[in-house]
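Predicted, not measured: the structure shown is a model, and the values here were computed from it.
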Amino acid sequence: MCFVTTAEERPLRHAARPVALVTGVGRSIGIGAGIARRLAEAGWNIAFTYWTPYDARMAWGVEADAATTIARTLAEQGATTMAVEADLADPEVPGRVFDQAQDRLGNITALVMCHCESVDSGLLDTTPESFDRHFAVNARASWLLIREFGRRFRGSPGTGRVIALTSDHTVGNLPYGASKGALDRITLAAAHELAHLGITANVINPGPVDTGWMSDDMRDHLLRRTPLGRLGSPQDTAHLVEFLCSPQGQWINGQLLKSNGGFAG
């Protein structure tokens, strides 16, 4: 793992700013980056993870210097930031991410999981290796991150937040959808098992969000299924995450929330 930081001119820890760990922030136009920016604007310090080899396997490719660009954008909102390149398929990595983030920024009070493995394949053509990788990243890593968060949480009662992004896509995307279903159950279990710590846990299904991966045909198809006449944006998801992380969102717990403009899959 390696990491980059910004805001060198400011103290490393700001007592007035809570700390959020946001995973899966590999592209500046992605949902994770949008969430990190919104939380920074709302007064949070941000640690975030990314994994360049995943982007290198995808059609969109690697965005050069994305972590540095994103960290600089967060710093412009007053946040102290830390970016960790982390292979979450390695079960040792979640603990190391927390070690580094807490050492740099202090106690983490919000965990927002946007990371994923997502490779299209169906029942007949999914390989065991791909299936295992999806579950390692989407389900096991999420469990281990939540476990680390619960073990280390030292915030005031009622201030802890766990939020995971999910999907209900399964047809032609079997390992992704199945592993996201497991993620749902792991996160919703945390709403009960971490309740004594004053931590809430919720899952968000953002529906189709256009972050540059859609073809024109797919975009047209999805638009026809969305009553509001547009696709989702990272900002749409980010606003809901900001609310859930705020004191006003404290009563929302153990929910799978659809923030998708009424999209009918």
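- Residue pairs satisfying the salt bridge (Lys or Arg N to Asp or Glu O under 4.0 Å) criterion with at least one member in residues 231-244, sequence neighbours excluded, are listed as follows: R38-E242, R230-D236.
- Applying the ring-ring contact (aromatic ring centres under 6.0 Å, His included) criterion to F243, with sequence neighbours excluded, gives no partner residue.
- Residue pairs that meet the side chain to side chain donor-acceptor pair (under 3.5 Å) test with at least one member in residues 249-264, sequence neighbours left out, do not exist here.
- Every residue was checked against the ring-ring contact (aromatic ring centres under 6.0 Å, His included) condition with Y176, not counting sequence neighbours, and none meets it.
- Under the rule for a ring-ring contact (aromatic ring centres under 6.0 Å, His included), the partners of F135 that lie at least two apart in sequence or sit in another chain are F131.
- Partners of E92 according to the side-chain hydrogen bond (donor to acceptor under 3.5 Å, both in side chains) rule, which considers only residues two or more places apart in sequence or in another chain, do not exist here.
- In this structure a side-chain-to-backbone donor-acceptor pair under 3.5 Å is present from R161 to S246.
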Might you work through the side chain to side chain contact (heavy atoms under 4.5 Å, CB included) test for H115 and L165, ending with a clear yes or no?
-> CA-CA 8 Å; H115 67 274; L165 299 192; over 6 Å; no
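- Pairs of residues two or more places apart, or lying in two chains, that qualify as side chain to side chain donor-acceptor pair (under 3.5 Å) and include a residue from residues 182-191 are T166-D184.
- At distances below 3.5 Å, at least one donor-acceptor pair connects side-chain atoms of E63 with backbone N or O atoms of S28.
- In this view, F153 and F149 satisfy the ring-ring contact (aromatic ring centres under 6.0 Å, His included) rule, not counting sequence neighbours.
- With N45 contributing its side chain and V19 its backbone, the two residues share no donor-acceptor pair below 3.5 Å.
- The minimum heavy-atom distance between G43 and P18, with the atom names listed, is O-CD, 3.5 Å.
- Using a 4.5 Å cut-off on side-chain heavy atoms (C-beta onward), S118 and N173 make contact.
- Side-chain atoms of N202 come within 3.5 Å of backbone atoms of G254 as a donor-acceptor pair (strictly under, hydrogens ignored).
- The main-chain N or O of C114 is found under 3.5 Å from a side-chain atom of T23 such that the two form a donor-acceptor pair.
- The salt bridge (Lys or Arg N to Asp or Glu O under 4.0 Å) check on E193 picks up nothing, with sequence neighbours excluded.
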May I have the step-by-step check of side chain to side chain contact (heavy atoms under 4.5 Å, CB included) for Y50 and I70, ending in yes or no?
-> CA-CA 11 Å; Y50 65 101; I70 294 167; over 6 Å; no
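- Without hydrogens or angle criteria, H169 side chain to V171 main chain gives a donor-acceptor distance under 3.5 Å.
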Take C116 and K180, measure what side chain to side chain contact (heavy atoms under 4.5 Å, CB included) needs, and give me the verdict at the end.
-> CA-CA 9 Å; C116 77; K180 283 290 190 175; 4.1 Å; yes
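- Linking ILVMFWY residues whenever their side-chain heavy atoms come closer than 4.5 Å, directly or via other members, leaves V93 and V137 in distinct clusters.
- With sequence neighbours excluded, the residues forming a salt bridge (Lys or Arg N to Asp or Glu O under 4.0 Å) with D99 are R152, listed by chain and number.
- In terms of modelled atom types and a separation under 3.5 Å, the side chain of D125 and the main chain of G122 share a donor-acceptor contact.
- Note: L183 CG to H134 NE2 = 13.0 Å, rounded to the nearest 0.5 Å.
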Please step through side chain to side chain contact (heavy atoms under 4.5 Å, CB included) for the pair T49 and E85, ending with a clear verdict.
-> CA-CA 6 Å; T49 73; E85 180 158 28; over 6 Å; no
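- R133 is linked by a salt bridge (Lys or Arg N to Asp or Glu O under 4.0 Å) to E117, counting only residues two or more places apart in sequence or in another chain.
- Under a 4.5 Å side-chain heavy-atom criterion applied to ILVMFWY residues, the cluster that includes V203 comprises L188, L256 as well.
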